[in-house]
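Below, read A as the first sequence line, B as the second, and so on, with proteins coming before strands; counting in each chain starts at 1.
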Amino acid sequence: MIERIRAVALTQIYVMMLRIRLFEERLVYLYPAQEIKTPVHLSIGQEAIAAGVCQNLTKSDYVFTNHRCHGHCLAKGMSMSAMMAELYGKNTGCCKGKGGSMHLSDPQLGILATSAIVGANLPIAVGAALSLKLRERKNISVVFFGDGAVDQGVFFESLNFAALKKLPVLFVCENNFYATNSLQKARQPLDNIFKRAEIFGIKGWRCAGNDAQEVYDLAKRLIQKLRANSSGPHLLECRTYRWKAHVGPDCDFQSGCRPKPELDAWISNCPIKKLEIFLIKTGLLTQDKIRKIRQRINREIMRAEFLAKKSRFPSAGELTTDVYWKE
Amino acid sequence: MIERIRAVALTQIYVMMLRIRLFEERLVYLYPAQEIKTPVHLSIGQEAIAAGVCQNLTKSDYVFTNHRCHGHCLAKGMSMSAMMAELYGKNTGCCKGKGGSMHLSDPQLGILATSAIVGANLPIAVGAALSLKLRERKNISVVFFGDGAVDQGVFFESLNFAALKKLPVLFVCENNFYATNSLQKARQPLDNIFKRAEIFGIKGWRCAGNDAQEVYDLAKRLIQKLRANSSGPHLLECRTYRWKAHVGPDCDFQSGCRPKPELDAWISNCPIKKLEIFLIKTGLLTQDKIRKIRQRINREIMRAEFLAKKSRFPSAGELTTDVYWKE
Amino acid sequence: MPWTKLAVDSASKRFLDSKKNLCGRVLSYREALREAHYQALKRDARVFIMGQGVDDPAGVFGSTLGLHQEFCARVFDTPIAENGLTGFAVGAALAGMRPILVHMRMDFLLLTFDQIINHASKLCYMSGGRIHVPLVIRAIIGRGWGSAAQHSQALQALFMHIPGIKVVLPASAYDAKGLLLSSIADDNPVIFIEHRWLYDIQDSVPANEYLVPIGKGLIKRGGKDITVVAISLMVNEALIAATKLKQNGIEAEVIDLRSLRPLDQEIIVNSVKKTGRLIIADLGWRTAGAAQIILGNIHHKIRRYLKAGVEIVALPDTPTPSSAYLEKIFYPGAADIIRAAKRIYVRTKH
Amino acid sequence: MPWTKLAVDSASKRFLDSKKNLCGRVLSYREALREAHYQALKRDARVFIMGQGVDDPAGVFGSTLGLHQEFCARVFDTPIAENGLTGFAVGAALAGMRPILVHMRMDFLLLTFDQIINHASKLCYMSGGRIHVPLVIRAIIGRGWGSAAQHSQALQALFMHIPGIKVVLPASAYDAKGLLLSSIADDNPVIFIEHRWLYDIQDSVPANEYLVPIGKGLIKRGGKDITVVAISLMVNEALIAATKLKQNGIEAEVIDLRSLRPLDQEIIVNSVKKTGRLIIADLGWRTAGAAQIILGNIHHKIRRYLKAGVEIVALPDTPTPSSAYLEKIFYPGAADIIRAAKRIYVRTKH
Ligand SMILES: Cc1ncc(C[n+]2csc(CCOP(=O)(O)OP(=O)(O)O)c2C)c(N)n1
Ligand SMILES: Cc1ncc(C[n+]2csc(CCOP(=O)(O)OP(=O)(O)O)c2C)c(N)n1
Ligand SMILES: [Mg+2]
Ligand SMILES: [Mg+2]
């Protein structure tokens with residue numbers, strides 16, 4: 001039998017993955033209506049990482065994400081309504097419609113700022129950890145980034161400084177093997193992202209990013225270490241795959257961006273399906289329960305959609321406010 | 001008995017080290033007169049690296065150096081006159097007085113450009129190697145940089161790209177353990193610069209930077225490899241120490257920048273003395289020969305000094321030329 | 001040298017009659033760019049193109065599409081490391097190549113200011129003119145569809161300040177081809193700025209190679225009443241505005257600057273001498289933007305001819321909002337130019 | 001909040017009588033900076049200082065000397081990784097700290113434009129005003145002794161263009177202290193620009209903490225004939241020039257802008273209303289520099305009061321040469337301001 005705390009955690013992870021999946025699938029459905037006027041970078045297929053890592057976080061921990069941020073923000077506690085309204089450019093959005101899909105932010109939830117400049121969130125996350133250390137908090141700073149961000153020099157500057165100052169940072173690389181249409185191997189001589197930390201004395205870890213349990217367990221261990229002592233950061237490489245195009249609701253293999261069999265293989269390695277099978281086998285879930293969970297989520301999505309649609313656009317005056325803080 | 005080619009090479013290295021040393025010692029002497037109005041970063045104590053590496057280069061190989069560039073430029077063939085005149089800001093200087101001490105350049109000698117932005121010469125050297133590869137030349141590109149440059153993200157971007165494209169670059173790190181007054185260990189968690197290449201599949205090497213023979217032999221091996229095939233770059237960390245302050249003719253331990261015993265230990269490990277003892281022991285040099293070599297070098301320096309002093313400053317019109325190429 | 005034989009198109013007048021299809025051959029801006037790349041690669045083995053996606057199925061919005069098939073060693077994808085990449089390009093340029101570095105968004109150039117400003121722009125001078133950096137950096141300005149603050153910036157003003165570089169911004173397919181070829185032929189670093197919204201716009205483009213001179217503006221439409229100086233996409237807005245103003249009996253002269261550094265002061269001054277009224281329409285923020293800079297730059301030469309204060313049409317001083325509604329009020333266009341013209345007329349009547 | 005209690009010094013008039021030592025306490029610019037740092041560290045545990053050499057025996061030309069002894073966790077040296085460092089500072093600021101990031105040369109800021117412009121300046125807006133970045137970036141402008149092209153740039157013009165940041169440049173020890181404290185107290189990113197040649201200059205500096213308002217210029221010397229607007233080191237040159245001009249019967253009004261963004265338009269306009277003559281003296285390159293920008297920015301407000309064209313005193317458009325001889329002719333000073341004034345007078349006589 002699976003222990004209770006773990007059972008609860010895995011079930012919550014399952015629900016969270018499903019929330020991310022259904023929310024983004026709804027975006028796929030809604031997008032052609034051209035009311036969501038912001039570029040969406042979907043994380044369908046990669047949900048286990050957001051859900052598995054964030055299951056270990058509290059509200060006061062920080063999460064820094066990137067252009068592909070819906071999953072991380074939902075997993076860190078953002079409401080679907082705040083997110084959906086933001087995508088619709090409405091004043092009820094988490095950024096009052098000023099940020100859009102790539103810049104979701106909610107400081108109350110520890111989502112301080114989201115950058116769409118590849119790699120730029122890394123030093124910002126490290127800086128937040130520096131603040132935690134200077135203020136002697138027990139919280140941690142988690143940064144999600146892609147294999148593309150590893151190309152940037154600032155990735156190394158961030159690891160170096162975090163290791164040097166022993167900062168509580170969990171670096172989580174979502175290696176989906178592509179940065180837009182560039183294969184990892186067209187950009188990096190070796191497929192060894194997790195090892196790149198070792199030159200700074202940071203132990204690097206690699207896991208199957210589509211196996212929610214593996215992600216959760218490993219993240220849990222690393223996060224516990226981070227909280228327990230100030231021995232410095234960790235790097236976790238999660239291997240995964242995105243099902244949709246780099247940006248937008250469609251798939252991209254037709255245009256020759258990647259081979260169909262590769263995509264098919266990863267689709268059959270669905271992180272949600274995988275955990276679902278396990279949870280059913282261990283008796284934690286039943287088809288009936290799943291149906292109810294899905295219904296609940298779908299209602300949540302409908303509500304978010306309804307609110308987003310009926311919300312107002314920001315007023316014209318909003319254009320020039322917030323350039324400076326409390327002017 | 002030492003083989004002939006090697007004997008010639010070692011003797012030339014000795015002479016080159018001495019040229020660098022005596023030239024810079026002359027700068028120390030001249031500087032207080034305040035006619036050399038440009039910040040000088042002396043490489044006294046580090047001569048074996050410039051001399052040992054460049055002994056393996058031809059005119060058509062490229063060398064990229066940094067703020068501490070006198071030694072590398074002399075070793076790559078720059079005349080003392082062109083260099084001295086540049087330090088005096090005269091129009092007979094290698095850059096017509098526009099570059100000064102930190103930007104020595106002579107494209108005829110493969111010294112294309114010298115940057116004083118820490119780390120910035122690394123990608124430029126890699127780009128020159130890219131040109132060599134695209135033009136199918138057998139030459140190589142060598143870049144000298146300090147332990148400080150290793151802090152910069154662009155160091156990693158450069159290694160990554162050079163490894164990815166298998167470019168003929170020799171990365172030579174002169175690790176003198178300080179960047180201005182910052183100890184290496186205040187900036188890097190581990191003392192492992194040479195290992196930082198390995199994550200890109202580049203073999204890293206470390207050697208005693210004050211042992212000219214070790215530098216020469218290792219550089220020779222690596223450069224031969226680089227010329228022979230296109231298997232990609234190499235990284236060589238040479239451990240050394242600067243005797244003078246970061247900038248200027250004085251020493252800096254009095255002001256508390258570093259412990260006197262540390263400095264003393266390194267001074268007693270003088271690269272020139274070390275090779276001299278070896279060469280005397282093997283009969284390649286005698287005290288008499290050394291005296292003559294020194295005399296010759298001193299005459300060379302005097303000539304350079306004389307020419308520099310009697311040369312004219314650039315004309316006022318020179319201020320605004322060369323902003324664009326052949327306007 | 002492969003580039004010395006090319007003819008410079010100085011017959012700017014051609015454009016005054018832009019409705020006439022002069023060569024019977026129409027290309028879009030994107031096709032014109034692609035053709036220029038192709039011809040440069042063909043003409044000169046020193047030319048190469050690098051950047052994210054230059055060899056992918058989208059080919060940088062079509063502008064480099066398929067080029068890697070013929071020139072596979074010289075058209076290649078790169079890691080996402082803009083600062084390093086710019087250094088690689090500078091180094092390759094120093095060592096005899098003529099690199100073209102492509103950025104899908106101008107915003108990413110901010111990562112490369114050290115290599116552009118501390119290096120590319122200065123190395124020729126620092127070396128006393130012994131070396132040079134023949135480098136083209138293509139930067140595409142994004143706009144709309146909630147691109148938001150980090151994917152929509154028009155940062156041309158920043159480059160106007162830097163000695164040693166040139167800044168060009170073609171507004172038509174004809175100029176896109178001719179200016180790109182000129183930029184590649186140029187021995188200095190050139191920031192080549194394209195606006196994404198120009199990509200589909202067609203123009204008459206000759207098949208042969210030709211050079212459009214860098215630093216020369218163009219009178220796109222003659223007029224005696226008011227001068228509208230514009231760049232890039234704003235040239236089109238100015239032309240629309242001019243058509244509408246004509247209905248009110250105002251003949252606007254529309255100048256496409258085409259380059260911002262060097263700046264064609266003469267073409268502006270000559271026009272203002274005639275009209276006495278000036279509007280400058282830019283793509284960037286108002287404060288310290290290209291328009292204010294141009295005004296500060298030529299002020300002493302036009303002062304005495306001005307019948308009224310100069311009007312600037314530019315972005316409000318705020319990061320780009322994402323919301324479609326805010327975007328709409330954020331971006332100025334033909335209507336703003338018309339309003340500016342009317343403000344000038346009101347003032348000159350008194 | 002520790003900063004709300006501090007008094008803002010709005011008694012600008014104080015400065016009109018700068019010969020009088022108002023508080024009987026004289027500090028150099030460097031000492032004033034150090035004192036401001038010290039008092040900020042003491043007042044607010046969220047303040048910390050990082051940068052190369054902030055805790056070394058030179059202490060950034062003395063401006064941070066010894067501070068690490070009392071505040072060792074909050075004054076620390078860093079790796080040479082300017083881009084990353086700026087990101088660390090942004091992140092720390094987002095997460096509740098008030099970082100001060102120090103650069104020994106302004107040139108190094110070019111490595112950090114992505115973090116400053118794509119991030120620090122925009123995050124407040126992008127988040128709909130939910131977060132903010134209270135960050136001070138100190139940048140020291142170098143000059144002379146063959147510093148050459150990469151160690152002497154005065155790049156303030158570039159920052160003037162960026163919504164979301166503030167740009168201040170104290171020219172006196174009094175303002176150095178008061179503006180640094182204001183910058184630390186400010187909830188937005190501030191680029192704090194110092195000129196190395198000001199470091200030894202002394203001024204009367206009160207021991208208590210005080211805030212000098214950001215965005216307010218200062219009349220350093222009253223005059224009815226000609227307005228000289230200057231920044232940083234050029235304020236001193238302007239004051240020297242004013243003394244000489246007085247010998248020719250010309251009373252120059254010297255304005256120290258102290259901030260470039262926000263720009264105190266009013267103080268310039270009011271002065272020009274009175275004098276009808278304007279010189280703007282900047283530290284940067286002429287083209288697209290702060291002076292041209294200021295002119296473009298206020299042109300519509302001063303146009304009708306001008307008796308002659310505005311004169312700009314700025315650097316020629318070339319990278320900094322190393323040779324001492326070229327340096328001498330490269331840098332403008334009081335003599336150039338005097339010549340500019342005479343040119344204006346010649347023109348207004350006709
Ligand atoms: C500095 C910078 N360069 C280029 C881009 C354009 N761009 C947006 S996302 C992306 C790919 C990122 O790949 P990766 O980090 O692997 O994340 P993924 O999209 O695969 O999740 C690129 C190149 C950017 N946003 N920022
Ligand atoms: C980007 C940048 N940051 C800071 C500096 C100031 N600076 C000049 S030399 C130097 C130290 C360089 O150390 P290292 O690379 O180890 O070379 P060394 O001086 O020891 O030979 C620093 C920080 C600079 N020139 N460029
Ligand atoms: Mg990826
Ligand atoms: Mg060093």
Handout entry: Contacting moiety of A/F156, where chain D heavy atoms sit under 4.5 Å
Key = neither

Exercise for the section: Verify the neighbour count for atom CD of D/E266: are there more than 12 heavy atoms of other residues, nucleotides or ligands below 6.0 Å? Expected result: no

Exercise for the section: Decide if atom CZ of A/R135 counts as having more than 12 heavy atoms of other residues, nucleotides or ligands within a radius under 6.0 Å. Expected result: yes

Handout entry: Under 3.5 Å: donor-acceptor pair, side chain of A/E157, backbone of D/L85
Key = no

Handout entry: Structural part of A/T114 lying under 4.5 Å from a heavy atom of chain D
Key = backbone

Exercise for the section: Work out which heavy atom in D/L94 is nearest to a heavy atom in A/F64; give both atom names and the distance. Expected result: CD1-CE2, 4.4 Å

Practice task
Begin from the C-alpha positions of A/L319 and D/Y125 and carry the test side-chain contact (heavy atoms from CB on, under 4.5 Å) through to its verdict.
Solution key: CA-CA 9 Å; A/L319 177 64; D/Y125 190 85; 3.8 Å; yes

Practice task
State the CD1-SG distance between D/I131 and A/C95, to the nearest 0.5 angstrom.
Solution key: 8.0 Å

Problem - chain A contact via D/N83 - side chain, backbone, both or neither, heavy atoms under 4.5 Å - result: both

Completion exercise
Residue from A/I117, A/L122, A/L130 scoring the most non-hydrogen pairs under 4.5 Å with chain D is A/I117

Handout entry: Side-chain donor or acceptor of A/Y324 paired with backbone N/O of D/P163 under 3.5 Å
Key = no

Handout entry: Nearest non-hydrogen partners of A/L134 and D/F48, listed with the distance
Key = CD1-CD2, 3.8 Å

Handout entry: CA sep, side-chain torsions, deciding dist, call: D/D187, A/K326, side-chain contact (heavy atoms from CB on, under 4.5 Å)
Key = CA-CA 8 Å; D/D187 285 317; A/K326 288 189 195 131; 5.7 Å; no

Practice task
Using atom types as modelled and distance alone, determine if a side-chain donor or acceptor of D/S127 lies under 3.5 Å from a backbone N or O of A/S105.
Solution key: no

Fill in the blank from the handout: In terms of heavy-atom contacts, A/S131 and D/A95 come closest through OG-O, 2.6 Å

Practice task
Would you name the heavy atoms of D/G128 and A/K96 that are closest together and state the gap between them?
Solution key: O-CE, 2.8 Å

Exercise for the section: May I have all residue pairs that pass salt bridge (Lys or Arg N to Asp or Glu O under 4.0 Å) and include part of residues 98-122 of chain A, sequence neighbours excluded? Expected result: A/K98-A/E318, A/K98-A/D322, A/D106-D/R130

Fill in the blank from the handout: Residue pairs passing the ring pair (Phe, Tyr, Trp, His ring centres under 6.0 Å) test with at least one member in residues 115-145 of chain A, sequence neighbours excluded, are A/H72-A/F144, A/F145-A/F155

Exercise for the section: Give me the contact list for residues 158-169 of chain A versus chain D, heavy atoms only, anything under 4.5 Å, ordered by residue number. Expected result: A/S158, A/N160, A/F161, A/L164, A/K165

Problem - A/I111 versus chain D, the contacting section by heavy-atom distance below 4.5 Å - result: neither

Practice task
Return the option, out of A/G97, A/P107, A/G119, with the maximum number of heavy-atom pairs under 4.5 Å with chain D.
Solution key: A/P107

Handout entry: Residue, of D/P189, D/G96, D/A89, D/G129, that accumulates the most heavy atom pairs under 4.5 Å with chain A
Key = D/G129

Exercise for the section: State whether the number of non-hydrogen atoms from other residues, nucleotides or ligands found under 6.0 Å of A/K309 atom NZ is greater than 12. Expected result: yes

Problem - side-chain hydrogen bond (donor to acceptor under 3.5 Å, both in side chains) partners of residues 81-93 of chain A, not counting sequence neighbours, each pair once - result: A/T92-A/S311

Completion exercise
chain A shares the most heavy-atom pairs under 4.5 Å, among D/G164, D/G84, D/A81, with D/G164

Handout entry: A/A125 portion near chain D, given a 4.5 angstrom heavy-atom threshold
Key = neither

Handout entry: A/K133 atom NZ, over 12 foreign heavy atoms within 6.0 Å
Key = yes

Handout entry: Heavy-atom pairs under 4.5 Å with chain D, option from A/Q108, A/H103, A/M102 with the top count
Key = A/H103

Fill in the blank from the handout: Highest number of heavy-atom pairs under 4.5 Å with chain A among D/A93, D/P134, D/G91 belongs to D/G91

Exercise for the section: Using a cut-off of under 4.5 Å on heavy-atom pairs, state which of A/L104, A/L132, A/L112, A/V154 scores highest against chain D. Expected result: A/L112

